[in-house]
Amino acid sequence: MTPSVSFQTSNFIRDIVLEDLKAKKYDSRVHTRFPPEPNGYLHIGHAKSICLNFGLAAEFGGLCNLRFDDTNPTKEEIEYVESIKEDVRWLGFDWGDRLFYASDYFEQMYQYAVQLIKDGKAYVCDLSADEIREYRGTLTEPGKDSPYRTRSIEENLDLFYRMRKGEFEEGSRVLRAKIDMASGNLNMRDPVIYRILKAEHHRTGNKWCIYPIYDFAHCISDSIEGITHSICTLEFEDHRPLYDWFLNELNVYHPQQIEFARLNLSHTVLSKRRLVELVEQRYVTGWDDPRIPTLSGLRRRGYTPETIQNFCERIGVAKRNSMVDMALLEHCLREDLNKSAPRVMAVLRPLRVVIDNYPENQVEELEAINNPEDFGMGTRKVPFSRVLYIEQEDFREDPPKQFFRLAPGREVRLRYAYFIKCVGVVKDEQTGEVVELHCTYDPKTRGGDSPDGRKVKATLHWVSAAHAIKAEVCLYDHLFVKENPGDEKDGRDFKSFLNPKSLEILTSCRVEPSLAGAVPGSRYQFERLGYFCVDSVDSSDGALIFNRTVTLRDTWAKIEKSQK
RNA sequence: UGGGGCGUAGACAAAUGGCAAGUCAGGAGACUUUGGAUCUCCCAUCUGGAGGUUCGAAUCCUCCCGCCCCAGCCA
C-alpha cells in the first residue's frame with residue numbers, strides 16, 4: 001500500500017487526521033475504507049476517492065479496507081465486484097486481508113434494528129411508498145406523523161420478525177427510524193431503514209428478503225470495521241446527522257464522516273448514469289472504450305497508474321465544486337510517459353520518398369537512442385534504404401511562414417540518418433495530390449550531423465519502405481466538444497455534444513521493424529507524434545493495432561492555428 | 001420559502017490575524033538531431049460585494065449577492 005506519489009500540498013482532510021492524531025483520538029489509529037457499490041465500473045472520479053482513502057492510510061501508517069456496499073440486490077452484480085477489485089489493484093493499492101461486504105453484517109444489522117425497536121426508536125410502517133412521500137412534507141413544509149408511528153414495541157418486534165420471515169409482500173411495509181417529521185433535514189423525517197426485497201443477492205442468495213438502506217448499513221459497517229475517518233462525497237453532508245443519530249442511539253463505536261467534493265473533468269462525463277447510457281446505447285464500444293474515463297478505458301488507452309495517482313494528488317481535496325481541466329490530466333500523462341516510454345519511429349500517413357543518389361540495393365543499420373531522457377534504456381538499429389516513407393504533413397509544396405519542414409529545394413534532417421534535399425515532386429495527374437518525393441542525400445551527414453557545420457531547421461521521422469511493418473492506429477480525441485457536457489441547461493441532451501471526431505482509424509501506417517512482436521499494453525513514444533500503446537484487446541502479432549494515448553505538445557499546431 | 005454546503009487568477013489549489021504558495025493553461029525568450037523534453041521570465045496592488053473590529057483582515061463580526069445539494073422503499 002505504498003503510494004508511488006508523495007503529497008505536496010495540504011488539504012482539509014489531511015489536516016483533520018493530523019489533528020486527530022495529535023489529540024490521540026481513536027487511539028492514534030487511522031483506518032479508512034473505499035466503499036463502492038458493485039453496480040458499475042470504476043472511473044477516474046472513484047480514483048480520487050481511492051487515492052484519498054488508501055493514500056491517507058499509507059501516509060499515516062494506517063489501514064484501508066475495500067468494502068462493497070451491497071445492500072441493494074436488485075442493482076448489484078458479481079461482474080462489477082470483480083472489475084472493481086481489478087481496477088483498485090491496478091491503480092496500485094492493496095487491501096490486504098480486508099476485503100469486506102456490507103452483506104457480511106446483515107445479521108448484526110438486523111439485531112441493531114431490533115435494538116432500536118426495543119428502545120422505541122424504530123417502528124414498522126404500513127404506508128405505501130406514495131403515502132410515505134406525501135407524509136414526508138416538502139422542503140418548506142413539515143411532514144406529518146405516520147399513523148403507525150405509535151405501534152407498540154411488541155407489535156413492531158413481531159411485524160419486523162415476520163418481515164424477515166417473508167410473510168409480507170414487497171412494498172407493503174418498511175421499518176422506519178422514529179426521529180422527527182418536522183426536521184428541516186428531510187433525511188431525519190423518519191427515514192426508512194429496512195425494505196422488503198424478494199430478490200436474490202449475489203452473496204447471500206435467498207437468505208434475506210429484507211435489506212437495510214444505505215444510511216443504516218453504512219454507518220454500522222464503518223462502526224464494525226473500526227473505521228476512524230469515513231470519507232464520502234458532498235451530497236452525503238445532509239446524511240451526516242443521520243449517520244451520527246444511528247450510532248448514538250445504538251451506543252456503538254462512532255467514526256467521523258467527512259465529505260469532500262467529487263471530481264468533475266472537462267470534456268467528458270463522470271456520472272454513472274451517463275456512462276451507462278454511452279455504453280448501453282453503443283455510443284462507445286464498451287466499458288473499456290479508450291475514450292471514456294473509466295479506469296478500464298484509461299488503462300486500455302495507455303494511461304499508467306502512476307499518472308492517475310499523481311493527477312489525484314495534484315487536483316487536491318476540497319469542498320468546493322469544481323471542474324478540472326483535462327489538460328492537467330494530459331500533462332501528468334506526458335510527464336510520466338516522457339520519462340518511461342521508449343522512442344520509436346512510425347509514419348501515420350505515409351508519403352513515399354525516393355533518395356535518387358542512394359545506391360539501389362544498399363541498406364544501412366543506423367543507431368538510434370531509445371530514450372534521450374534515460375540513456376540507460378540503450379540504443380537500437382533502424383534500417384535505412386533508398387525508398388522511405390515520411391509523414392505527409394511534413395511536406396508542403398508551398399510552405400507557409402514558419403513551416404520549417406520539407407519543401408521543394410529545402411534541406412532537412414532525417415532523424416539519426418542523413419540530411420536530404422527535396423529535388424522533385426510527383427503528383428497524381430487526376431487529383432493533383434502529391435504522391436511521391438524525390439530527394440538527394442548528403443553522404444557526409446550520416447548519423448545526422450554535417451561536418452561543415454551547416455544547419456537545418458527541421459528533423460523528420462521516417463521509416464524504410466522495404467523494412468517497415470504495417471499497422472493500424474486509432475487516433476482519439478476528446479469524447480465531447482463541450483467543456484461541460486453534463487450541463488444540460490437549454491434543454492440539450494449531453495449526447496448532442498459528442499465529438500464526431502473522437503475516433504479516427506488509420507489503416508495504412510508504417511512502423512519501424514523493431515516493433516515486431518510488441519506486446520499488448522506496451523507503450524511507446526512515436527517520435528514527434530505522441531505516445532501510443534499496443535491495444536490489449538484487438539492487436540495481434542500479425543496485425544498490430546496502436547492506440548494513441550496522447551499527442552506530444554505541438555507548438556507548430558498552435559502557430560498554424562493562430563495563423564488562420 | 002425549510003435544511004445543509006461553497007465562493008482566492010482562464011482551470012485546480014495553498015494560506016490557520018503578519019503583508020496572496022504551487023500546478024495546469026496562456027504569453028515571451030534560451031537551448032535542442034523530436035516544433036518533444038529542459039531552462040528563464042511574465043501572468044491576483046488582491047481573495048463574490050458592502051460595511052465594521054484591529055497597528056495589521058482572504059482569515060474575525062454584520063448585512064447582502066451568487067452557485068451547489070436534499071422531498072428513493074437508490075447509493
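- With distances taken from any side-chain atom of A:D15 to the nucleotides B:A37, B:U16, B:G35, the minimum falls on B:U16.
- For the pair A:S221/A:Y101, no side-chain contact is recorded, criterion being any heavy-atom separation below 4.5 Å from C-beta on.
- The nearest whole Å value for the distance from the NZ atom in A:K48 to the P atom in B:C12 is 11 Å.
- Taking the syn range as angles within 90° of 0, the glycosidic angle of B:G52 is outside it, so the base is anti.
- Looking at residues 389-396 of chain A, you'll see that no heavy atom sits under 4.0 Å from any atom of RNA chain B.
- Of all nucleotides present, only B:U40 satisfies the Watson-Crick or G-U wobble test against B:A28, with each distance under 3.5 Å.
- Summarising the geometry, the separation between NZ on A:K401 and C1' on B:G35 is reported as 17 Å, rounded to the nearest angstrom.
- Atom CZ in A:R240 sits roughly 7 Å away from atom P in B:G5 (whole-Å rounding).
- If you take NZ of A:K339 and C1' of B:U38, they are 9 Å apart, rounded to a whole angstrom.
- The partner of B:C63, taking Watson-Crick or G-U wobble pairs whose two distances both stay under 3.5 Å, is B:G49.
- Shown here for A:G302 and A:L333, the closest heavy-atom pair between the two residues is O-CD2, 4.5 Å.
- Relative to the ring axis of A:F403, A:R396 places its NZ or CZ within 45° and under 6.0 Å from the centre.
- On the P atoms, B:G52 is 14 Å away from B:U59, given to the nearest whole Å.
- Comparing the same atom, C1', in B:U16 and in B:C60 gives a spacing of 12 Å after rounding to whole Å.
- Between A:V317 and A:L329, the residue anchored nearer the 5' end of RNA chain B, judged by the nucleotide with its closest heavy atom, is A:V317.
- Heavy atoms of A:R343 sit under 4.0 angstrom from at least one base atom.
- Stacking of A:R413 on the aromatic ring of A:F419 is not recorded, the 6.0 Å distance cut-off and the 45° axial limit not both being met.
- As judged by a 4.0 angstrom heavy-atom cut-off over every strand, A:F311 is placed among residues making no nucleic acid contact.
- Across A:R67, A:Q256, A:Q257, a single residue satisfies side chain to side chain donor-acceptor pair (under 3.5 Å) together with A:D222, and that is A:R67.
- Following rounding to the nearest Å, A:F12 (CZ) and B:A15 (P) show an atom-to-atom distance of 12 Å.
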When you look at A:R446 and A:E364, which way does the salt bridge (charged side-chain N to carboxylate O under 4.0 Å, His left out) test go after all the steps? CA-CA 10 Å; A:R446 190 177 199 271; A:E364 289 179 89; 2.5 Å; yes

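- Taking every heavy atom of residues 255-274 of chain A and every atom of RNA chain B, no pair lies under 4.0 Å.
- Residue A:V412 comes nearest to A:R405 through the heavy atom pair CG1-C, 3.8 Å, listed as atom of the first residue, atom of the second, then distance.
- Checking B:G22 for Watson-Crick or G-U wobble geometry (two distances, each under 3.5 Å) identifies B:C12 as its partner.
- No hydrogens or angles were tested; on distance alone, a donor-acceptor pair under 3.5 Å links the side chain of A:Q525 to the base of B:U34.
- Taking the C1' atoms as reference points, B:G18 lies 13 Å from B:A58, given to the whole Å.
- A salt bridge links A:R14 with A:E59; the closest basic N to acidic carboxylate O contact falls under 4.0 Å.
- Summarising the geometry, the separation between CG on A:L552 and C1' on B:U38 is reported as 14 Å, rounded to the nearest angstrom.
- Of the two residues near RNA chain B, A:L328 and A:E141, the one whose nearest nucleotide lies more 5' is A:E141.
- A heavy-atom distance below 4.5 Å is not found between the side chains of A:F311 and A:R314.
- At a threshold of 4.0 angstrom between heavy atoms, the contacts of A:R334 with the nucleic acid are absent.
- The listed nucleotides are B:A14, B:G4, B:A25; the one nearest the side chain of A:E237 is B:G4.
- A cation-pi arrangement, defined by a distance under 6.0 Å to the six-membered ring centre and an angle within 45 degrees of its axis, is absent between A:R523 and A:Y531.
- Comparing B:G35, B:G5, B:A11 by their closest approach to the side chain of A:D325 singles out B:A11.
- Of the candidates B:A11, B:G35, B:C6, the closest approach to any side-chain atom of A:I559 belongs to B:G35.
- Pairing partner, B:G2: B:C70, with both Watson-Crick or wobble hydrogen-bond distances short of 3.5 Å.
- Of the listed nucleotides (B:G36, B:U23, B:G35), B:G36 has the atom at the smallest distance from the side chain of A:P372.
- At B:A37, one or more side-chain N or O atoms of A:R553 fall inside 4.0 Å of OP1 or OP2 (strictly under the cut-off).
- At a threshold of 4.0 Å, the pair A:R149-A:D190 counts as salt-bridged, since one of the basic side-chain nitrogens sits closer than that to a carboxylate oxygen.
- Here A:N39 contributes atom CG and A:N72 contributes atom CG; the two are 8.5 Å apart, rounded to the nearest 0.5 Å.
- A:K558 comes within contact range of the sugar-phosphate backbone alone, with a heavy-atom separation under 4.0 Å but no base atom that close.
- Phosphate proximity of B:U34 to A:H461: absent, as no side-chain N or O sits under 4.0 Å from OP1 or OP2.
- The distance between atom NE2 of A:H331 and atom C1' of B:G26, rounded to the nearest whole Å, is 14 Å.
- Judged by distance alone, the side chains of A:H461 and A:E391 do bring a donor and an acceptor atom under 3.5 Å apart.
- The phosphate of B:A21 has neither OP1 nor OP2 within less than 4.0 Å of any side-chain N or O from A:T9.
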In the 5'-to-3' direction, what one-character label does each nucleotide of nucleotides 68-75 of chain B receive under the scheme B = base within less than 4.0 Å of a protein heavy atom, S = sugar-phosphate only, - = no such atom? SBBBSBSB

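- Within 6.0 Å of NZ on A:K198 lie more than 12 heavy atoms contributed by other residues, nucleotides or ligands.
- Judged by a 6.0 Å distance limit and a 45° cone about the ring axis, A:R151 is not positioned over the six-membered ring of A:Y123.
- Taking every side-chain heavy atom of A:T555 into account, B:G35 is the closest of B:G35, B:A37, B:U34.
- One interatomic measurement links the two molecules: CH2 of A:W245 to P of B:G3, which rounds to 22 Å at whole-angstrom precision.
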